[in-house]
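A short worksheet on the structure shown next.
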Amino acid sequence: MAVSLNIDPNNSVRSGGMVDGAGRHDLVGLDRGELLQRFEGLGLSVREARMRTRQLWNWIYVNGVTDFDKMTNISKAARTQFGEHFVLKRPETVSEQVSSDGTRKWLFRFVDPSNPQSLPVDVETVYIPEPGRGTLCLSSQVGCTLNCSFCHTGTQMLVRNLTAGEILGQILAARDKLGDFPGGNRPTDGMVPGREIRAITNIVMMGMGEPLYNFDNVKKALLIASDGDGISLSRRRITLSTSGVVPKIGPTGDEIGVMLAISLHAVRDDLRNELVPINKKWPLEVLLDACRNYPGLSNARRITFEYVMLKGVNDTDADARELVRLLANIPAKINLIPFNPWPGSPFQCSDWERIETFADIVNRAGYASPVRTPRGRDIFAACGQLKSESERSPKKHVRT
Ligand code: SAH
Ligand code: SF4
């Protein structure tokens, strides 16, 4: 059974914005160069600004501190000055739900940094604990411009891209809640790993939105998340999933260097055009070419191909054999995802026997454990079930 908690609904401090009501700038999501500039802007010498950048980076990302007064290696005068000009924000937590399988889903609220007067937006972030690891699934956009026919997020129009600070804000807020910063309290429900490992060991960009349509902000956030002096998540433990924005696949490898997942879902263009309509722009051949050329690709760094199992649509033995054939010369993993239903969804999940037979064919071709166990279905936290109530303001027409 799902447990639903409503947390601090009146909390007025909202994260992800560059400026708060008092005109203070949020430092979360700024890279080192930008932090340096901010400190120089306060009149600090280059030397001091560099030192403060190093110190703040550590306080923000290693220790998760949001209160300048807790930064004990910074003089009282400097802390006061920082508190007057800057903030270290977190999103408002609208709700937290905990699934019977330990999966947690948060609804986080942000305001548009370029327009603090605009309506706040809500995004969903999911935490999936497993033995020996914990994966955080991040959203990159509010809604999505694409409308893959099996995906709940696809029914929500794009409201806007999330900023780098908002993408990182999801990680920092989740680390707060999971007691993942030094001195933090781990939830005691036995689901979250104990202190011997970090609660969050992996990140997947598989929440709301198409991350490669928000490339610059996703890049900035992931470079900060993988920075060895900060959150320090190895790039090999970060996976970015795309529906197939081909021109951005090469830059993802070159400039971000994370693991890649491709939402394939069909092995013929006619069907993929229907399921993942971006295929009309970049069809299978072009997509698979971009995959073959993915920078850093090797047998140790494979691309994951996601394939949602839709009853009577894409789940025949012939589909399985064609899948294996298509991927034959690409270092690949195959991830079969049982379709997760949502209200009004036009598909059904393939029967379990069909999934097993399909998986057998994939298995015999040398792909190990290809079926992804659905997690958090009881709280609508599973793949493709995320959606928020946020809507575009009628005056704004944001489409990329
Ligand atoms: N926009 C990106 C990342 C978010 S979706 C992308 O499309 O890749 C994360 C994964 O969940 C994708 O593989 C997506 O195709 C899959 N998915 C979407 N809806 C689903 C559903 N209802 N059931 C199972 N998987 C789904
Ligand atoms: Fe957007 Fe991905 Fe959902 Fe397609 S599957 S609508 S790209 S979030």
Side-chain angles (χ1 to χ4, degrees), residues 103 105 123-126 128 135-162 167 170 203-215 218 222 238-246 248-249 252 258-266 271-282 287 290-291 303-311 313-315 323 332-350 355 370-377 380-388 399-400:
T103 300
K105 182 171 82 169
V123 301
E124 296 194 309
T125 305
V126 176
I128 307 143
T135 302
L136 191 68
C137 178
L138 300 179
S139 292
S140 56
Q141 299 184 307
V142 186
C144 190
T145 50
L146 303 173
N147 42 4
C148 305
S149 46
F150 50 85
C151 174
H152 202 196
T153 310
T155 66
Q156 182 182 9
M157 272 193 145
L158 179 73
V159 179
R160 68 172 174 83
N161 283 335
L162 294 178
I167 296 167
Q170 295 171 66
I203 283 186
V204 292
M205 296 300 303
M206 295 188 186
M208 293 163 59
E210 168 48 61
L212 296 190
Y213 274 151
N214 185 15
F215 184 82
V218 166
L222 294 183
I238 301 178
T239 303
L240 181 150
S241 175
T242 179
S243 56
V245 182
V246 166
K248 291 293 185 195
I249 288 180
T252 299
V258 291
M259 306 299 282
L260 184 68
I262 301 284
S263 292
L264 196 66
H265 308 315
L271 181 59
R272 194 162 190 270
N273 286 346
E274 276 176 39
L275 298 179
V276 189
I278 200 177
N279 192 69
K280 293 182 204 151
K281 203 165 186 179
W282 293 294
L287 173 62
C291 291
I303 295 177
T304 300
F305 288 88
E306 298 160 285
Y307 195 95
V308 64
M309 298 299 297
L310 302 171
K311 186 174 188 166
V313 175
N314 65 354
D315 60 353
L323 176 61
K333 290 185 218 167
I334 295 177
N335 213 322
L336 304 178
I337 315 176
F339 170 66
N340 294 306
W342 36 273
S345 57
F347 298 104
Q348 285 178 291
C349 183
S350 308
I355 296 180
V371 185
R372 185 187 293 177
T373 315
R375 296 293 303 266
R377 270 186 177 176
F380 271 82
C383 295
Q385 291 185 316
L386 307 186
K387 183 180 177 178
S388 73
R399 279 225 153 205
T400 51

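Positions are given from 1 along the sequence. Indexing begins at 1, ligand by ligand and atom by atom, following the structure's order. Keep in mind that the numbers below use all heavy atoms, side chains included, and drop hydrogens, waters and symmetry copies.
- Using a cut-off of 2.8 Å, one finds that C148 contributes no N/O/S atom close to atom 1 (Fe) of ligand 2.
- Taking 4.5 Å as the limit, some side-chain heavy atom of P338 sits within range of a side-chain heavy atom of V371.
- Looking at ligand 1, you'll find an N or O of G209 within less than 3.5 Å of one of its N or O atoms.
- Nearest to atom 7 (S) of ligand 2 by heavy atom, out of N147, L146, T145, is L146.
- Applying the 4.0 Å criterion to heavy atoms of S243 picks out, from ligand 2, the atoms 7 (S).
- Counting atoms of ligand 1 from 1 in the listed order, those under 4.0 Å from a heavy atom of N340 are 21 (C), 22 (N), 23 (N), 24 (C).
- Of the protein's heavy atoms, G384 CA, 3.0 Å lies nearest to atom 19 (N) of ligand 1.
- In this structure, the side chains of V258 and M205 stay at 4.5 Å or more apart for every pair of heavy atoms.
- Scanning all protein heavy atoms for the shortest distance to atom 25 (N) of ligand 1 gives C383 CB, 3.4 Å.
- The shortest side-chain heavy-atom distance between R272 and N314 does not fall under the 4.5 Å cut-off.
- Close approach of ligand 1 to V308 (heavy-atom distance below 4.0 Å) involves ligand atoms 23 (N), 24 (C), 25 (N).
- Taking the six-membered ring where tryptophan is involved, the planes of F150 and H265 are perpendicular, since the angle between them exceeds 60° and thus also 30°.
- Exactly one of L138, T125, V123 qualifies for a side-chain contact (heavy atoms from CB on, under 4.5 Å) with I167. That residue is L138.
- Every heavy atom of P341 sits 4.0 Å or more from the atoms of ligand 1.
- You'll find the side chain of L275 stays beyond 4.5 Å of the side chain of V308, heavy atoms only.
- Using a 4.0 angstrom heavy-atom cutoff, S263 does not count as in contact with ligand 2.
- Atoms of ligand 2 found under 4.0 Å from any heavy atom of G154, numbered from 1 in the order shown, are 6 (S).
- At a threshold of 4.5 Å between non-hydrogen side-chain atoms, the residues I262 and I249 count as touching.
- Looking only at protein heavy atoms, the nearest one to atom 4 (C) of ligand 1 is G207 O, 3.3 Å.
- Residues D315 and S350 approach most closely at OD2-OG, 2.9 Å, considering heavy atoms.
- Geometrically, ligand 1 and S263 share a nitrogen or oxygen pair separated by less than 3.5 Å.
- Of all non-hydrogen atoms in G207 and C137, the two that sit nearest each other are N-SG, 3.4 Å.
- Side-chain N or O atoms of N214 include one that pairs as donor or acceptor with a backbone N or O of L162 at under 3.5 Å.
- Atoms of ligand 2 found under 4.0 Å from any heavy atom of C144 (numbered from 1 in listed order, with element): 1 (Fe), 6 (S), 7 (S), 8 (S).
- Considering only non-hydrogen protein atoms, atom 3 (Fe) of ligand 2 sits nearest to C151 SG, 2.4 Å.
- Closest heavy-atom contact between I278 and S243: CG2-O, 3.5 Å.
- Close N/O approach between S241 and ligand 1 is found [any backbone or side-chain N/O within under 3.5 Å].
- Set against the non-hydrogen atoms of W342, the atoms of ligand 1 under 4.0 Å away are 22 (N).
- The two residues K105 and F380 make their nearest non-hydrogen contact at NZ-O, 2.9 Å.
- Atom OH of residue Y213 and atom CG of residue N161 lie 11.5 Å apart, to the nearest 0.5 angstrom.
- Nearest approach of M208 to E124, heavy atoms of both residues: SD-N, 3.5 Å.
- Atom 2 (Fe) of ligand 2 has G209 O, 4.5 Å as its closest protein atom, hydrogens excluded (heavy atom only).
- Ligand-side atoms of ligand 1 in range of C151: 18 (C), 19 (N), range being under 4.0 angstrom from any heavy atom.
- Distances from ligand 1 to the non-hydrogen atoms of F347 include no value under 4.0 Å.
- Listed by number with element, the atoms of ligand 1 under 4.0 Å from a non-hydrogen atom of I337 are 24 (C), 25 (N).
- For M206, no nitrogen or oxygen atom sits less than 3.5 Å from a nitrogen or oxygen atom of ligand 1, counting backbone and side chain alike.
- Among all heavy-atom pairs drawn from Q141 and E210, the shortest one is OE1-N, 2.9 Å.
- Here T242 has backbone heavy atoms under 4.0 Å from ligand 1, and that is the only part of it that gets that close.
- Considering Q141, H265, R377, E306 only, the shortest heavy-atom separation from atom 15 (O) of ligand 1 involves H265.
- Taking a 4.0 Å cut-off on heavy atoms, M208 fails to register as neighbouring ligand 1.
- Within the listing of ligand 1, atoms 6 (C), 7 (O), 8 (O) sit less than 4.0 angstrom from a heavy atom of S243.
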